[in-house]
Protein chains: 2
Amino acid sequence: MENQTYTIKEVAEKTNLTIPTIRYYETEGVLPPVERSESGNRVFTDSDIGWLDLICCLRGTGMPIKKIKQFVQWCLEGDDTIDDRIEMLIEHGKTVDEQLQVLTNYKAAIEWKINYHREMKMQIDARRNAVRLMEQQDLKS
Amino acid sequence: MENQTYTIKEVAEKTNLTIPTIRYYETEGVLPPVERSESGNRVFTDSDIGWLDLICCLRGTGMPIKKIKQFVQWCLEGDDTIDDRIEMLIEHGKTVDEQLQVLTNYKAAIEWKINYHREMKMQIDARRNAVRLMEQQDLKS
DNA sequence: TTATAACCTAAAGTGCACTTTATGTCAAGA
DNA sequence: TCTTGACATAAAGTGCACTTTAGGTTATAA
């Protein structure tokens, strides 16, 4: 299971990224340089997929590309950057907590709206039924 | 407490939106037309602030401007659109649930990363201490 | 051997949600 | 009266994260 390699297409499928996005990440330096075959094609390893998973996680929690790049660069620089890395992750974790809080509140507001609209609908239907009944009365008379 | 009015500046403070953003929302038709004073200045009511709160809620949960506009238009059109509105809200609520799920998973991944880095740091520190001790030994000898 | 599919690069383009700029009106206080 | 500050509009600009395009190389398979 080790030393397995993947084409860019396979990696795109595994990570749910598009092929251009993966290339873009590499040229931007967000994804560390990927090994190449003799003909110049990218040869991805499980390690590369690990980097992409990390990138997806950070992007998906709203971290801008530049900051992710910084983090990845620190990782590549080695031991001396360990404190910076930990600090960035902790700070980012806090923003994710805030996002969760905000999102939870918004979710509650939406649920409230749904219920409000449902009650509105019941009133509308009731009114329509009343009108229909009155029309039937008119027909009989 | 009723019939109170607000300037655009006051509304910006209340909603945490910028003044240009509020104007932008109105010109885009996301915010229904706001009353004007004789001189053409916008005169906001609590109802307008209510619309903006709704817009913030939907934007903050990732709904695109166009769709919010659609929803607001339906609200203005009245009773006949009640089913469409309820459906949109329910569908959107589902996407918010998904966002919460994804975000929660990412949060866990970040926590995992933090712990991983903390352990890495402990190893680095231990190694450095070992080196320091060895150097002290060298000095003594 | 030739065609087709998968890969490559560099550069330009896109979409979204604002933001900024330039210009102008109007009401109130010094 | 004049200037200052808050408001207005229309149009152009910005920032971000990709995506698309154009043009080219290489490996496999009919």
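Computed from heavy atoms alone, side chains included, the values below leave out hydrogens, waters and symmetry copies. By convention in this document, chain letters (A, B, ...) are assigned in the order of the sequence lines, proteins followed by strands, and residues within each chain are numbered from 1.
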How about B:Y6 and B:D46: does a side-chain donor come under 3.5 Å of a side-chain acceptor? yes
What's the closest nucleotide to the A:R59 side chain, out of D:dA17, C:dA27, D:dT19? D:dA17
State which of D:dA8, C:dT9, C:dC7 makes the closest approach to the side chain of A:I8. C:dC7
Whether B:T18 contacts C:dC18 is assessed here as follows: a side-chain N or O lying under 4.0 Å from the phosphate OP1 or OP2. Is that the case? no
Atom CD1 of A:I19 and atom P of D:dC18 are separated, to the nearest Å, by 16 Å
Using a 4.0 Å heavy-atom cut-off, does B:R23 contact any base of the nucleic acid, only the sugar-phosphate backbone, or nothing at all? base
Under-4.0 Å side-chain N/O to phosphate OP1/OP2 contact, B:Y25 with C:dC18: yes
For B:M120, is the CE atom crowded, meaning more than 12 foreign heavy atoms sit under 6.0 Å from it? yes
Is a side-chain donor or acceptor of B:E26 paired with a backbone partner of B:V34 at a separation under 3.5 angstrom? yes
Closest-nucleotide 5' rank along DNA chain C - winner of B:P20 and A:F44: A:F44
Send over the distance from B:I68 CD1 to C:dC18 C1', rounded to a whole Å. 13 Å
Can you tell me the distance, in whole Å, between the CD atom of B:E28 and the P atom of C:dG15? 15 Å
Closest of C:dT19, C:dT9, D:dT9 to the B:Y24 side chain is C:dT19
Heavy atoms under 4.0 Å, any strand shown: does A:T7 hit a base, just sugar-phosphate, or nothing? sugar-phosphate
Around atom CZ of A:R118, are there more than 12 heavy atoms of other residues, nucleotides or ligands at under 6.0 Å? no
Any sub-3.5 Å donor-acceptor pair from B:E35's side-chain atoms to B:R42's backbone N or O? no
To the nearest Å, how far apart are B:I65 CD1 and C:dG15 C1'? 13 Å
Answer yes or no: does a side-chain N or O of A:T21 lie under 4.0 Å from OP1 or OP2 of D:dT19? yes
C:dA17 P sits how many Å from B:L17 CG, rounded? 14 Å
Atom pair distance, as rounded to whole Å: CD in A:E38 and P in D:dT26: 11 Å
When you match B:K9 and A:S39 each to their closest nucleotide on DNA chain D, which lands nearer the 5' end? B:K9
Nearest-Å distance, CD (A:E26) to C1' (D:dA17)? 17 Å
Send over the distance from B:N41 CG to C:dC26 P, rounded to a whole Å. 10 Å
Phosphate contact (D:dT25 OP1 or OP2) by A:R36 side-chain N/O below 4.0 Å: no
Under 4.0 Å between a side-chain N/O of A:R42 and OP1 or OP2 of C:dC7, yes or no? no
